[in-house]
Amino acid sequence: MAVIVILILASLGLALTFLMGFIWAVRSGQYEDPQTPALRILTDDTQPAPPPLSPREFQKTTPA
Amino acid sequence: MTNAPLVADQRPAEKACFHCGLPCGGVAIEKGGKVFCCHGCETVHDLLSQSGLAQFYDLNEHPGTRVSGAPPRERFGFLDDPTVQEQMLDFTDGRTSRVTLRVPAIHCVACVWLLENLFRLHPGIGKSTVNFTRREVAIWFSPDRIKLSELVALLASIGYEPSLTLGELDKAKPHPARRRLHLQVGVAGFAFGNIMLFSLPLYLGLDSVSAPTFRWLFGWLSLLLALPVLVYSAADYFRSAWLSFRQRVMTLDVPIAAGLVALYGQSAYEILSGTGEGYLDSLAGLVFFLLCGKIFQAKTYDRMAFDADYRAFFPLSVTRITDAGEVSVALSAICVGDRLRVRNGELIPADAKLVAGEAHIDYSFVTGEAEPVTREVGDRLYAGGRQVGGAIEIETIKPVSQSYLTSLWNHDTFAKDHRDPLNTLTNRYSRRFTLIVVSIALGALGWWWWAGNGGRGLKAFTSVLIVACPCALALAAPFTLGTALRLLGRFRVFLKNAQVVERLARVTAVVFDKTGTLTLAGAGGVQFVGAGEDLTPAERLAVHSLTSHSTHPYSVRVSEFTDDGKAPETVTDFRETPGCGIEGHVQGKRLLLGSRAWLEQRGVTMTGLDLPAGSAVHLAVAGRLRGAFVLAGSLRPGIGALVAELKPAFRLSLLSGDNEKERAQFAGVFGPDAELRFNQTPFDKLTTVSRLRKDGETVMMVGDGLNDAGALREADVGVAVVEKIGAFSPASDVIADGGRVRELGRVLRFARRAEWVVKLSFVVSALYNVVGVSIAATGLLSPVICAILMPLSSITVVTIAWGATTLAARREGLVEG
């Protein structure tokens, strides 16, 4: 008996983790543009990108 | 088809430009084994190569866009205005800013790559991210090192000029709402899945006697899981239902909200009292599917949003006169008392007083009256008028209202008093629908209660509320017509609104205006026949300067013909008399350019000119006839085929302000049945259209909107054909790109099919509702099945509407593939 209760709670916990993951993905804007990343991956990074301005300056100001 | 030469580009496809892929023609520039069609393309190529961005050309063949001369930097000056920045920038802290720009030129992988590597072109630019779906690029930049205007000018110089129009500024940034919807779906889906998991054992007969603990545990867990669905995921339905309740109107959200509360209440009662297991799975499933439908809808709107709508026609900037000279400022930055310069063809952005210049204001935008009115210095000018003639100076006396400008096209004067049976049907039906459904639900509840089966009654009550899907009915017409609108927009035929599709479907007679509609604008096919010696370069420049003030198709062609690459001279006392000609002073000489009759009337002595066939524009310099520009009757390609296609099904007419010289040519094209009228004034055109309407015809008028605004308004469907965006008449219902005139037959056929699709979707959803509700009222339908059926019906109708419309468009060749 008790083991089923533990399993149920575990499955619920797992589902909750996925929900959290989903919420994080939505919040970080991954659902806003499903098309561009598919194109972006086609280009090779032959030249390493020089740090645009000071990267921290931009990271700091990126809205959550 | 026609004996007149076509002005279409008939050069053999020679070498293609390495940058943009267009044929180079005779002006190919060779450099390092690569060929370019113009210096613009070459410059962009050099710039990219020097910045280490040559990979751009590896990603796609000829990925560039032709850059014909870098646009002047001053044109973007208004972007540095703080008020504009406030609207444009997504974010700024003074040191770093982010701006999201719509760049219609984005079309391939190479574009994405180049725009995301912008930082290599300027040290002031940081990260940039492209959204391909929306054709947008979000750029981080440091305003200390690069101004917004410089950034936009840089983009324009490499062929990615952002579209900066009123429509762009107006759009609400949809991101937060979209995120919220995604989160709501996520929560509902999570709860739905888990509640289903707990419900399955109960459905499959897990006996409560053998496992009372589970029953209790599952019940409580389900109740707990369903709570966030009710209060978070479904929150918008309750809010909307509450709003409509307070305004005492029945909207479609009211029965949904009532059904949700009933479901949760009933379930909570059953679980807490231990009499049953409730319908929480149905509740969570219902909300989940409803929200999925909403996402689908939002996605469709998203796709519609990047297609241009008519607001894109309004300017974003105007020319303000300050002590320091002329500056281009944003429309919104105009204050009362500002002095503005309004050039020929430009709109008056706000109510104003005329300070200097001769004002001939064309109010066809506001009143539909085609004849321009003359105003003296000191007179009041109203917003929405268009200056015809030389530049004027005005002083604003009222603030600018953008919404007023955008509402002009939808002004009452242009509202047509035709009824829209389909739409009224939808509206009437929707309003009564809720009432009928609620009464059926209550009736079923009462009936089963009276029969002594309260539980079944409650089930029937909720089932009816859920299964009855007003959405399908409500969606049928807007979705079909919306899809049609979007497909046509992509085809560069813009419709004012969805009702125009319905009117297009009923057209029985088509009236064409000749100039600019059936005939083509362009420099080709123009020749000058001199009365005496040929034009001197100075005279050519003077004619070019004069004609560049006018947007009449003839002026445009003569202007291109006389364009020797020199900057135009100043023109004073410019004046355009619609249907007659233009005049003005250039370098102290008075130039008259127009019809023979008009010149004669102005006191020019006419000598016999041996003119070839075509429309002649006579030129007089300082009162002496110099000759005439002959514009060969260059029919647009494909007009013959279009007329042949329309002839059997429609009553055709041709109206022209020109003389009869071309009658023979057009009689050959139109055949004996068509009505051909020449020497028509704008008013004659209007009467012809209204006479046809009195005959019981549904008339489509196709014109350029310049001197036939009245006729366009009078017609059931007015189609304005434009060569370049910016010159259109609000009297029109449809704006069509010049190259699309020949496809009008297809557009008409497509509209008929679209109307048929609307009726089909109506029948399908009505059938569904009748069957669904009658079964649900018996109480035999489980709410969970209703919850699946309901969104299914919406999806069916939407799929039918979308699929059939797209299919129709594909069959007419309006979309590729």
Side-chain angles (χ1 to χ4, degrees), chain A, chain B residues 52-53 55-56 58-59 90-93 95-98 106 108-113 116-120 123-134 136 140-142 145 174-175 178-183 185-187 189-191 193-194 197-198 211 213-214 217-218 221 225 295 299:
Chain A
M1 258 323 181
V3 76
I4 295 185
V5 174
I6 289 170
L7 280 176
I8 286 170
L9 291 180
S11 82
L12 251 184
L14 193 66
L16 258 171
T17 321
F18 287 135
L19 180 67
M20 291 304 160
F22 176 75
I23 291 175
W24 168 80
V26 171
R27 287 240 169 114
S28 65
Q30 293 183 32
Y31 277 78
E32 253 139 65
D33 178 16
Q35 218 178 341
T36 324
L39 291 171
R40 210 172 278 148
I41 203 161
L42 296 175
T43 59
D44 303 321
D45 297 323
T46 45
Q47 308 134 317
L53 295 185
S54 106
R56 191 175 292 160
E57 208 168 83
F58 280 106
Q59 268 159 25
K60 211 170 50 194
T61 50
T62 308
Chain B
L53 290 171
Q55 198 194 341
F56 180 56
D58 302 335
L59 291 168
D90 307 330
F91 169 85
T92 186
D93 64 356
R95 286 191 310 142
T96 47
S97 309
R98 194 179 83 159
I106 296 177
C108 67
V109 191
C111 304
V112 174
W113 182 79
E116 296 200 337
N117 279 282
L118 272 184
F119 62 87
R120 290 179 214 263
I125 301 175
K127 193 180 162 194
S128 47
T129 320
V130 173
N131 184 325
F132 190 80
T133 325
R134 288 187 186 321
E136 275 177 2
W140 284 98
F141 65 101
S142 152
R145 277 180 262 183
H175 304 239
R178 192 62 46 80
R179 283 190 187 183
R180 190 178 140 84
L181 189 55
H182 276 124
L183 288 177
V185 172
V187 169
F190 161 77
N194 284 287
L197 203 68
F198 299 140
T213 347
F214 282 131
L217 179 70
F218 288 173
L221 277 177
L225 283 168
I295 285 195
K299 272 217 159 108

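Labels below follow one simple rule: chain letters A, B, ... track the order of the sequence lines, proteins then strands, and each chain is numbered from 1.
The shortest heavy-atom contact between A:R27 and B:R179 is O-NH1, 3.0 Å. Between B:V112 and A:T36 the shortest heavy-atom distance is CG1-CG2, 3.8 Å.
Atom CD1 of A:I23 is separated from atom CG of B:L183 by 6.0 Å, given to the nearest 0.5 angstrom.
Annotation: maximal heavy-atom pairing with chain A below 4.5 Å, among B:L197, B:N194, B:T129, B:T92, occurs at B:N194.
A:L9 pairs by the side chain to side chain contact (heavy atoms under 4.5 Å, CB included) definition with A:V5, not counting sequence neighbours.
The parts of A:L16 that come within reach of chain B are both its backbone and its side chain, each placing non-hydrogen atoms under 4.5 angstrom from that chain. When heavy atoms are compared at a cutoff of 4.5 Å, A:L19 approaches chain B solely by way of its side chain, counted from C-beta outward.
Applying the ring pair (Phe, Tyr, Trp, His ring centres under 6.0 Å) test to residues at least two apart or on different chains, the pairs with a partner in residues 9-34 of chain A are A:F22-A:Y31, A:Y31-B:H182.
Counting heavy atoms from C-beta outward, B:L221 and A:I8 have side chains that approach closer than 4.5 Å.
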